[in-house]
A.B. asks: 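Input: one structure, supplied below.
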Amino acid sequence: MKPGCFSPPVLWAAQVLLAASSESLQCEGPVSTWDSGCRPGDDVGSGEVDYLARGYTFSRPIRLVVSYDWLVLQGPAAPIFEGDPLVLRCQAWRGWPLAQVTFYRDGSALGAPGPNREFSIAVAQEVDSGHYHCSAIFQSPGPGSPETASSVAVTVQELFPAPVLRAMPSPEPQEGSAVTLSCQTKLPLQRSATRLLFSFHKGGRAVRGRGLSPELQVPAAAQAHSGSYWCEAATEDNHVWKRSPRLEIRVQGPSSSGAPPTLNPAPPKSAAPGMPAAEPRRPLSPPPSPSSGGPAPPSPLQASDPHLHHRIGLLLRQMQDVRVLLGHLVMELRDLSGHLKLETRKGTAKQV
């Protein structure tokens with residue numbers, strides 16, 4: 001017999017246990033039988049080994065416990081995650097009638113005694129984890145005395161951690177550059193098919209409502225995009241939703257390296273003999289103030305774009321430098337004209 005295969009006595013014992021249970025087990029899904037060999041599975045967890053048969057498709061294993069107690073608390077067979085319903089059943093031997101059924105968590109009663117054998121939580125949370133048990137009084141037939149079931153450990157697992165908001169490539173982008181905000185979290189492997197919806201917020205205002213994409217694209221960052229951002233991830237039924245910590249976005253102004261270089265004016269030349277010296281460069285006089293005497297209101301360029309106003313100021317200073325250079329050129333032309341006239345007079349005097 002191959003390792004891991006069941007012998008006939010073991011199969012017979014398993015059939016007896018299943019027959020003794022009041023619950024029915026059913027397996028759904030396609031099954032093929034091209035090879036009946038079996039081998040130990042690769043996935044080993046919690047001290048239990050799964051056995052796989054080549055050519056067969058198996059469901060996930062469940063833990064079957066057969067009890068001979070008068071009262072049994074039936075808990076969930078599959079793992080419970082946040083947002084799942086949690087149902088516990090207090091079962092009597094052979095389904096005999098019960099009275100004054102009470103459910104407990106960690107030793108504390110969850111309500112007054114009553115006839116209901118089922119305790120349910122519509123939307124389970126992590127705080128609902130604990131050790132549960134039930135107690136009841138058997139009606140005829142039965143022992144006629146209060147009975148208590150053994151406790152069952154119930155663990156409600158986290159569906160996904162609180163998301164983290166990240167900015168790529170940086171939370172301090174340059175003005176005009178593209179920025180991507182990413183709301184990052186992770187689902188467990190057992191619930192990888194769960195769909196999450198993501199929303200993005202700035203301060204107390206929603207920037208984008210819930211959607212399937214965990215990213216928010218900003219094609220060109222501006223100063224108005226600076227602020228405190230956070231995101232939210234939620235299930236489609238809104239049973240589980242979690243917020244990220246806040247992320248500060250600071251859009252940096254344009255780099256000063258892009259400003260055009262200023263022109264350095266040529267040093268003034270000495271004036272020719274007999275010619276007046278050129279006047280030194282004078283700064284431009286400020287524009288006249290309004291008649292009211294108050295400060296002049298900012299120009300539309302100043303109010304709308306300080307960077308453009310700075311560029312215009314540089315252009316005006318360059319124009320002033322050009323004006324000075326033209327003045328020097330005019331003085332040199334006058335000097336050359338005077339020398340030419342003097343040479344012409346000397347030539348005329350020699351001919352006479």
Side-chain angles (χ1 to χ4, degrees), residues 17-18 20-26 45-48 59-162 185 187-191 193-197 232-243:
L17 290 177
L18 290 176
S21 173
S22 61
E23 298 292 330
S24 62
L25 302 180
Q26 183 178 1
S46 303
E48 297 181 358
S59 65
R60 292 184 177 273
I62 63 171
R63 185 179 180 86
L64 178 63
V65 179
V66 179
S67 175
Y68 294 96
D69 293 336
W70 286 104
L71 206 58
V72 174
L73 180 64
Q74 291 182 338
I80 296 294
F81 288 88
E82 293 174 298
D84 292 345
L86 174 61
V87 179
L88 301 174
R89 296 180 178 89
C90 196
Q91 296 282 40
W93 172 260
R94 293 186 177 181
W96 287 346
L98 296 174
Q100 299 185 20
V101 181
T102 307
F103 290 88
Y104 302 83
R105 182 179 65 210
D106 296 331
S108 299
L110 297 175
N116 195 352
R117 298 187 180 193
E118 188 173 284
F119 173 80
S120 63
I121 299 176
V123 180
Q125 303 294 331
E126 287 186 278
V127 295
D128 296 321
S129 299
H131 288 80
Y132 289 80
H133 73 274
C134 65
S135 65
I137 297 178
F138 277 79
Q139 296 178 344
S140 178
S145 60
E147 295 291 337
T148 301
S150 300
S151 64
V152 174
V154 175
T155 301
V156 180
Q157 304 180 41
E158 183 180 54
L159 182 60
F160 60 89
T185 187
L187 289 165
L189 182 62
Q190 300 94 320
R191 298 299 174 89
T194 302
R195 296 208 307 178
L196 296 180
L197 302 179
E232 181 182 277
T235 55
E236 290 183 302
D237 55 12
N238 203 34
H239 285 169
V240 183
W241 54 270
K242 298 180 181 182
R243 293 182 177 181

A.B. asks: CH2 of W93 to CG of D69: how many Å apart, nearest 0.5 Å?
C.D. replies: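 Here the interatomic distance stands at 9.5 Å.
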A.B. asks: As a quick check of understanding, evaluate side chain to side chain contact (heavy atoms under 4.5 Å, CB included) for I80 and D128, giving each step before the final call.
C.D. replies: CA-CA 11 Å; I80 296 294; D128 296 321; over 6 Å; no
A.B. asks: With sequence neighbours left out, what residues match Q100 under side chain to side chain donor-acceptor pair (under 3.5 Å)?
C.D. replies: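 Scan of Q100 (side chain to side chain donor-acceptor pair (under 3.5 Å), adjacent residues dropped) gives none.
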A.B. asks: Keeping to residues at least two apart or across chains, list the disulfide bond (SG atoms under 2.5 Å apart) pairs with something in residues 91-128.
C.D. replies: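 Sorted pair list comes back empty.
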A.B. asks: Show your working on side chain to side chain contact (heavy atoms under 4.5 Å, CB included) between L187 and L159 and close with a plain yes or no.
C.D. replies: CA-CA 6 Å; L187 289 165; L159 182 60; 4.1 Å; yes
A.B. asks: Is there any disulfide bond (SG atoms under 2.5 Å apart) pair reaching into residues 73-122, and which pairs are they, with sequence neighbours excluded?
C.D. replies: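 Output for this query lists C90-C134.
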A.B. asks: Between atom CH2 of W70 and atom CD of Q91, what is the distance when rounded to the nearest 0.5 Å?
C.D. replies: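 It comes to 15.5 Å.
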A.B. asks: Flag the pair E158 / K242 as yes when at least one side-chain heavy-atom distance between them is below 4.5 Å, and no otherwise.
C.D. replies: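 SC-SC contact between E158 and K242 confirmed.
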A.B. asks: For residues A136 and L71, report the shortest heavy-atom separation together with the two atoms involved.
C.D. replies: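 Taking every non-hydrogen atom into account, N-CD2, 3.7 Å.
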A.B. asks: Quick one: list whatever passes side chain to side chain donor-acceptor pair (under 3.5 Å) with S135, sequence neighbours left out.
C.D. replies: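 Residues passing side chain to side chain donor-acceptor pair (under 3.5 Å) with S135: Y104.
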A.B. asks: Tabulate below the donor-acceptor pairs under 3.5 Å that side-chain atoms of residues 107-117 make, not counting sequence neighbours, or state none.
C.D. replies:
from, atom 1, to, atom 2, distance (Å)
N116, OD1, E118, N, 3.0
N116, ND2, E118, O, 3.4
R117, NH2, W96, O, 2.5

A.B. asks: Working note: T235 + L196, criterion side chain to side chain contact (heavy atoms under 4.5 Å, CB included); need CA distance, chi angles, decisive distance, verdict.
C.D. replies: CA-CA 5 Å; T235 55; L196 296 180; 4.0 Å; yes
A.B. asks: For D84, which of H239, Q125, R191, Q157 qualifies under side chain to side chain donor-acceptor pair (under 3.5 Å)?
C.D. replies: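 Option passing the side chain to side chain donor-acceptor pair (under 3.5 Å) with D84: R191.
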A.B. asks: Once rounded to the nearest 0.5 Å, what's the spacing between atom OG of S120 and atom CZ of R89?
C.D. replies: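 The CZ atom of R89 is 9.5 Å from OG of S120, to the nearest 0.5 Å.
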A.B. asks: Taking all non-hydrogen atoms of both residues into account, name the closest pair between A149 and H133 and its distance.
C.D. replies: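 Reported closest heavy-atom pair: O-CB, 3.6 Å.
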A.B. asks: Taking side chain as C-beta onward, heavy atoms only, is V123 less than 4.5 Å from D237?
C.D. replies: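 Result no, sub-4.5 Å side-chain heavy-atom pair not found.
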A.B. asks: Excluding sequence neighbours, so at least two apart, what forms ring pair (Phe, Tyr, Trp, His ring centres under 6.0 Å) with F160?
C.D. replies: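 Applying ring pair (Phe, Tyr, Trp, His ring centres under 6.0 Å) to F160 gives none.
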A.B. asks: For the residue pair P161 and T185, what are the closest heavy atoms and their distance?
C.D. replies: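 What the structure gives for the nearest pair is O-OG1, 2.7 Å.
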A.B. asks: I want to check something: taking the side chain as every heavy atom from C-beta on, are L88 and L73 in contact at a cut-off of under 4.5 Å?
C.D. replies: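 When only atoms from C-beta onward are counted, L73 and L88 do touch, with a gap below 4.5 Å.
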A.B. asks: With a 3.5 Å distance limit and no angle check, can you tell me whether S129 reaches the backbone of V156 through a side-chain donor-acceptor pair?
C.D. replies: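 Yes.
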